[in-house]
Structure formats: C-alpha cells, structure tokens
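Below is one structure, written out as structure tokens; the observations come after it.
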Amino acid sequence: MSRSNLGDNILGGEILRPVRGVYITSTLALALLINLIPLPGWLASAMPDFVVVILIYWSVFQPHRIGLLPAWVLGLLMDVADASLFGQHALSYCIATCTAIFLHRRIQMFPMSYQIAHVLAILAGQQAVQLLIRLVASADGPDMLYFVSSLTGAAIWPAAAGLLTLPMRRRAKEEEVG
Amino acid sequence: MQASAPPMFKRGPSLLVRLAFFALMSLVLLVADARFRYLENIRATLSIVLFPLQEAAAVPSTMLGRAGEFFVTHAALYRENEQLKRERLLNGAEAQRIRALEMDNEQLRKLVEAAPIPERQRMVAEMLYETRDPFTRKVVVDRGSVHGLGVGQAVVDHLGVVGQVTRVFPLVSEVSLLTDKTQSVPVQNARSGVRSVTFGLGLGGMLELKFMPVNADVRNGDLFVTSGIDGIYPPGLPVAVVTNIERNVSSFARILCVPAAGVSNYTRVAILSPGPPRPASPLVPASPSAQPREASR
C-alpha cells in the first residue's frame, strides 16, 4: 500500500490527515474480534456484521487503500468461525466491498440519511448473496429475523463513520497552522 | 493497487475484473466445500489463526461471569452446596445399584453369549460460542484433535444427547446440535419400544420423528431414547420428548418433539469416546457358499 492521493482525504470540505495502513488494518481486526464475541442466540442474529460495516467505511472513504483481497480473507476467516460454507462470507464481502468502492463518490457526497440508505442496501445485498448461496447449497431458509442484522448495521453507520473518522481529524491548532 | 500514478490513469486491473477474480475463487471454494469437502486442511489452518482472537473475544463474557460469581452470597453458596451433597448421596446410591446391575447384566450376557457392552470414556469440553450463521445449529467447543477428539463422537449433557462432533480442528471442534437440519438420530420409544429416527428442524429448536405410521404407538409426553443401532450413540440416552402429534396430515403421522437435553443453554458438555468398530455394511451372510449369491443381493 502506498500513500493515498489527496482527493480521498477530503470529507465534507474538511481536509483530513492521511490514513496509516496500520490504522485500517487494526480497525478491521477489531471488527473481526467484535464479530467473534459469543452472544446468546437472538442477540447474535440481531447484531450487525461489524466486519462488513467497517469494510464499507474504508471502501467509501479510502477506496484506493482497500482492495478486494482483505475483504476476501476476512470473509474466509468468518466462514471458519461461523462454520458456514467455505467462501460464503468471502463472496458476499467481496461483492459488498466492490459495490461500496463503485459507489464511493456518490456516497461521500450524500448527507447522512442517504448514506444510511445506501449502506442498508449494500448490507442487505450481501446478506441476500449469502442467503442465495445457502438456498442453492442446502435449501434451508432462515427465519424472519435474518435481515435485522442489516438494519442494525445501517443504524450504527453514523456512529461507526464518526468514530473511524475521529483519529483522522486535524486538531484545531493544527488547522490554524496549516 | 499502485497509487503512485496520477489518479487520472487506470491502475491495475479494473474493479469488475478483480471482483470477477475473487468471485470465481469463492465459487471454486464453495463448490469444493459443499460437494467434495476438500478444504478441511485450509479450514484447520485458518482456525489456528483465529483461535487467539476467539479466546480474546470470549474474555468479556467470562469476565461478566466471574463478576457475577464474585457477588454470589454466602447463603446461596451454602444452599447450593447442601443441594449438591444431597444429589451426590442419591447419585451414589444409584451408581451402586447400577454397578450391581451391570455385573448382573454382564453375567447374563455371558450366559447367552452376547457381546459385552463396551464402556465409553467421557471428556468434558467447554462451549466457546454458538455460531452466528443463522442457517445451521452448531456450537464450537474448546477441545480438538490435539486432545484426541474425532469426527462423529457423540456429545451429551447431564439430561441427554446434545449432538455430534462434525468437524475437528487442532484446538477446537464444531458440534452439530440435534436440532441442526443435517442431524438425525435413531431412537426408540422408552415406553412402547417403537423405533424411529429424529430429524432436526433447524430454527425452531424442534425435532421431528419422520416416517412414522399413523397408528404408531406414540403419545404426547413420551420419551425417546437412543436405540444405539447406529453405533455412534450408546443406547438408552434420552433424546427427545414428544410434544405434538398430528395423525391426519398425510400417510405418515407428523410427530414433533423437543430435545431432552438443554440443547441451547449449557456451557459444559461431555464428549463420549467412539464405540467399537462396526462390522462392515452391508452385512454379508456368514457362509456365502451355503446361499446362492443372487439371493443375498
């Protein structure tokens, strides 16, 4: 990974500090860690998939720093952790990341409500991909709560985006100087 | 992703090409996994990579549990201790009776020249987590191939059968619960002796006895225990209790039951060692020369 171009570091007219690769990697690792926290059944199905949300965040705001390879590898790890079919999460994460990179200019421009709508669509799309794979493989439909995870994922988007952007904000002093 | 070129130029293959590449890789993996089960080694390797993360992720819930334990009152502990002592006394008496019965049974079996019932070792495993995948009913336990676990071993708790070990990694293993769609257990009605097979129904946490005739001797509240004819589960373990019978839906009765074991609420389970090797199936007649070949087919 090399330095990103300047265009990626402007958010809503504010110039952000360049992102370090370590930061991106560690946020993704943290998301994976949160995904692995054992939870009781109903809560687990309502929890958002943090890995996809963070992947979408980086795809939208740093599309040149993140590729499909990290999405694919994280997907494989989730497949092992979830005992799902090998490649199920990998494929859906790749599609979600690709869609987010494809739409990044549009999503960056939008106000928060439109951003949430886009994120919801991407999350539901990647869940639909997983559903399709499972239906083809074993024809066993999930329950009504299946897509709740997309809703909660979209609901945490503003908080996640705000938190992830925080370390990249320049401090007021810094801004005065440069 | 070389970013050194000015952004107006394309860098590397386009997004769609990359997506196509990774999608193809994923599809290859999916087919290899779903159809041929080739990828268990890769899975095992990745599971070792994941293990420290899983341990770390389990810390908050263990901490919560510890904190809860810390605030248990002295009186509650005392009560529990008293109850456990009472239970131990009862269990001890029961165990002595069983030992006597076992000896008796062994002698009787020798008399009729039946094969002795093999004993099974138990290994206690801690449940790490329930998988998030909403399509399967699986839990991951903290024992793996380094502890001597193998695929197919039966998993029980103090109330009955929990499930079966379906995938073994070096440090952890996946246990498919009875209620998983892929799980079926040969069972026998403890009251009437009717044999059947339970099938997991997946999401509702229920089991179904399939292919039972409409007039089968089954009532609400009947306990089904393992029949042991599969060679995986030892006979006599409680599996399910009948809760609902519909006799006029099709040519078969529709019988629903709930698992006897606490399939979704336990933290520790016992894993039974595999039983003796089964004779090769299909069974060939003892003296092939005595019967014509065609008759045995």
Side-chain angles (χ1 to χ4, degrees), chain A residues 1-5 7-8 29 32-41 44-45 47 49 63-69 71-72 75-92 94-95 97-99 101-102 130-131 133-134 136-138 140-143 145-146 149, chain B residues 1-4 6-7 11-12 15-16 18-19 21-23 25-35 38-39 42-47 49-50 53-54 56-61 127-136 138-140 166-167 169 174 176 181-182 202-205 264-265:
Chain A
M1 298 240 180
S2 52
R3 286 195 60 205
S4 65
N5 55 335
D8 292 335
L32 183 63
L33 190 70
I34 296 174
N35 262 12
L36 293 177
I37 291 175
L39 291 169
S45 58
M47 274 300 250
D49 192 334
H64 301 295
R65 300 295 299 273
I66 192 143
L68 296 181
L69 185 65
W72 195 68
L76 287 186
L77 287 173
M78 278 312 291
D79 282 330
V80 173
D82 262 7
S84 46
L85 282 176
F86 217 44
Q88 177 186 326
H89 283 84
L91 180 58
S92 71
C94 279
I95 291 175
T97 310
C98 183
T99 320
I101 294 178
F102 189 69
Q130 293 199 24
L131 181 62
I133 292 170
R134 290 315 290 237
V136 169
S138 64
D140 180 9
D143 56 355
L145 285 174
Y146 180 61
S149 152
Chain B
M1 283 175 291
Q2 292 299 313
S4 50
R11 35 192 122 183
L15 192 59
L16 275 178
R18 279 185 285 153
L19 177 66
F21 171 74
F22 282 110
M25 296 264 283
S26 309
L27 285 177
V28 168
L29 287 182
L30 277 170
V31 172
D33 189 33
R35 291 266 170 259
Y38 278 156
L39 303 161
I42 305 177
R43 242 183 219 275
T45 318
L46 284 179
S47 88
V49 177
L50 268 177
L53 275 176
Q54 286 170 334
V59 165
S61 62
M127 192 189 116
L128 289 177
Y129 63 94
E130 217 170 319
T131 59
R132 280 166 55 106
D133 191 17
F135 305 98
T136 53
K138 284 181 184 170
V139 295
V140 175
T166 46
R167 193 177 271 142
F169 298 135
E174 289 171 22
S176 289
K181 277 248 172 175
T182 58
L203 297 154
S264 54
N265 44 4

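Below, each value reflects all heavy atoms present in this structure, side chains not excepted, and no hydrogens, waters or symmetry copies. Within every chain, numbering begins at 1; the chains are lettered A, B, ... in the order of the sequence lines, protein sequences first and strands thereafter.
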Next item on the list: State, to 0.1 Å, how close Cys94(A) and Leu19(B) come at their nearest heavy-atom pair, and which atoms those are.
Entry: O-CD1, 3.7 Å
Next item on the list: Would you please name every residue forming a side-chain hydrogen bond (donor to acceptor under 3.5 Å, both in side chains) with Ser176(B), sequence neighbours left out?
Entry: Thr166(B)
Next item on the list: Please look at Met47(A) and chain B and tell me whether the side chain, the backbone, both or neither of the residue comes under 4.5 angstrom of a heavy atom of that chain.
Entry: both
Notebook entry, point to check: Which atom names give the shortest non-hydrogen contact between Ser26(B) and Gly87(A), and what distance separates them?
Noted result: CB-O, 3.9 Å
Next item on the list: Indicate the atoms forming the closest heavy-atom contact of Ala56(B) with Leu33(A), along with that distance.
Entry: CB-CD1, 3.8 Å
Note to self: Which heavy atom of Glu174(B) sits nearest to which heavy atom of Val80(A), and what is that distance?
What the structure shows: OE2-O, 4.1 Å
Next item on the list: Please state whether the side chain, the backbone, both or neither of Gln54(B) comes within less than 4.5 Å of a heavy atom of chain A.
Entry: both
Checklist line | Heavy-atom pairs under 4.5 Å with chain B, option from Asp49(A), Asp79(A), Ile34(A), Thr97(A) with the top count | finding: Asp49(A)
Note to self: Less than 4.5 Å to any heavy atom of chain B: does that hold for the side chain of Ile133(A), its backbone, both, or neither?
What the structure shows: side chain
Check: Is it the backbone or the side chain of Leu27(B) that comes under 4.5 Å from a heavy atom of chain A, or both, or neither?
Finding: side chain
Check: Can you name the closest pair of heavy atoms from Leu50(B) and Leu77(A) and give their distance?
Finding: CD1-O, 3.2 Å
Note to self: Taking every non-hydrogen pair under 4.5 Å, which of Ala81(A), Ala90(A), Ser149(A) racks up the most with chain B?
What the structure shows: Ala81(A)
Item checked: Closest non-hydrogen atom pair, Gln88(A) against Leu30(B) -> N-CD2, 3.7 Å
Check: ring pair (Phe, Tyr, Trp, His ring centres under 6.0 Å) with Phe22(B): which residues, sequence neighbours excluded?
Finding: Trp72(A)
Next item on the list: Would you give the length of the straight line joining atom CE of Met25(B) to atom CG of Leu91(A), rounded to the nearest 0.5 angstrom?
Entry: 12.0 Å
Check: Hey, does Phe86(A) have a side-chain heavy atom less than 4.5 Å from the side chain of Ile42(B)?
Finding: yes
